[in-house]
Amino acid sequence: MPRHWLMKSEPEDFSIDDLERVGTEPWTGVRNYQARNFMRDVMRAGDGVLFYHSNTKVPGIAGIAEVTGTPYPDPTQFDVDSKYFDPASKPDAPRWWLVDVRFRRKLPQVIALDSIRAAADRLGDIELLRKGSRLSVSPVTASQWKVLLSLGTTQE
DNA sequence: GCCAACGTTGGC
DNA sequence: GCCAACGTTGGC
């Protein structure tokens, strides 16, 4: 059974429009162990992804994507010219792993963090709304997925 | 193993 | 641009 996820990206770096353009993108640059563990150990091809725009004027869910392929080591950790280079990581024991993310669709309008917060009672415990949460890859239950997407089709 | 210092995230 | 919250590092 496919799982569901929320993945954050700063649109200035990589937006839903960028994903639509390229089709599939390796989710490079995650340097948080919890987020890595989700990608390396739990994510599987076909899992649904809520593409979230963070650190922007109207933060919120901008589109839908999916996990594709199988997890593999993040190549940027070995690239000395990358800002994600990690000198402590060794090729025979990679520290950072990623998955590829494939575009599904863009939402007609961003589901703003404000309206997500307004639905907190229907969402229950969700990582995105935890105080101080900064986790860039986090699980979403099937029912939370439904509630979140309904926010995009309802007139508020 | 503690914890201060530091760097980063991300809403505002 | 500010800054609270968080994760990591490293001295002890």
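In what follows, every chain begins at residue 1, and chains take the letters A, B, ... in the order their sequences are listed.
Comparing Asn55(A) and Asn32(A) against DNA chain C, the residue whose closest nucleotide sits nearer the 5' end is Asn55(A).
The shortest distance between the side-chain N/O atoms of Tyr33(A) and the OP1/OP2 oxygens of dC6(C) is not below 4.0 Å. The phosphate of dG10(B) (OP1 or OP2) has a side-chain N or O of Lys8(A) nearer than 4.0 angstrom.
If you take CZ of Arg95(A) and C1' of dT9(C), they are 11 Å apart, rounded to a whole angstrom. At whole-Å resolution of the value, NE2 in His53(A) and P in dT9(B) are 17 Å apart. A straight line from CH2 of Trp96(A) to C1' of dG7(C) spans 10 Å, rounded to a whole angstrom. Following rounding to the nearest Å, Gln34(A) (CD) and dA5(C) (C1') show an atom-to-atom distance of 15 Å. In this structure, Lys83(A) places its NZ atom 12 Å from C1' of dT8(B), rounding to the nearest Å. Ile116(A) has its CD1 atom 13 Å from the C1' atom of dG11(B), to the nearest Å. When rounded to the nearest whole Å, the span between CG of Asn37(A) and C1' of dG7(C) equals 14 Å.
With respect to the salt-bridge test (charged N to carboxylate O, under 4.0 angstrom), the residues Asp74(A) and Arg36(A) do not qualify. A salt bridge links Asp18(A) and Arg21(A); the closest N-O separation between the charged side-chain nitrogens and carboxylate oxygens is under 4.0 Å. Contact check on Asp86(A) versus Arg95(A) returns a salt bridge, with a Lys/Arg side-chain nitrogen under 4.0 Å from an Asp/Glu carboxylate oxygen.
Using a 4.0 Å cutoff on non-hydrogen atoms, the parts of residues 126-136 of chain A near DNA chain C are Lys131(A), Gly132(A), Arg134(A), ordered by number.
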Practice prompt. With side-chain contact (heavy atoms from CB on, under 4.5 Å) as the test, would you mind laying out the steps for Leu19(A) and Lys106(A) before giving the verdict?
Written response: CA-CA 9 Å; Leu19(A) 186 61; Lys106(A) 185 177 172 177; over 6 Å; no

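Under a hydrophobic clustering in which Ile, Leu, Val, Met, Phe, Trp and Tyr are joined whenever their side-chain heavy atoms come within less than 4.5 Å, directly or via other members, Met7(A) and Leu50(A) fall into different clusters.
A ring-centre distance under 6.0 Å is found for Trp5(A) and Phe38(A).
Which of dC12(B), dG10(B), dT8(C) sits closest to the side chain of Arg117(A) comes down to dC12(B).
Counted by atom type alone, Glu127(A) and Ser133(A) present one or more donor-acceptor pairs between their side chains at under 3.5 Å.
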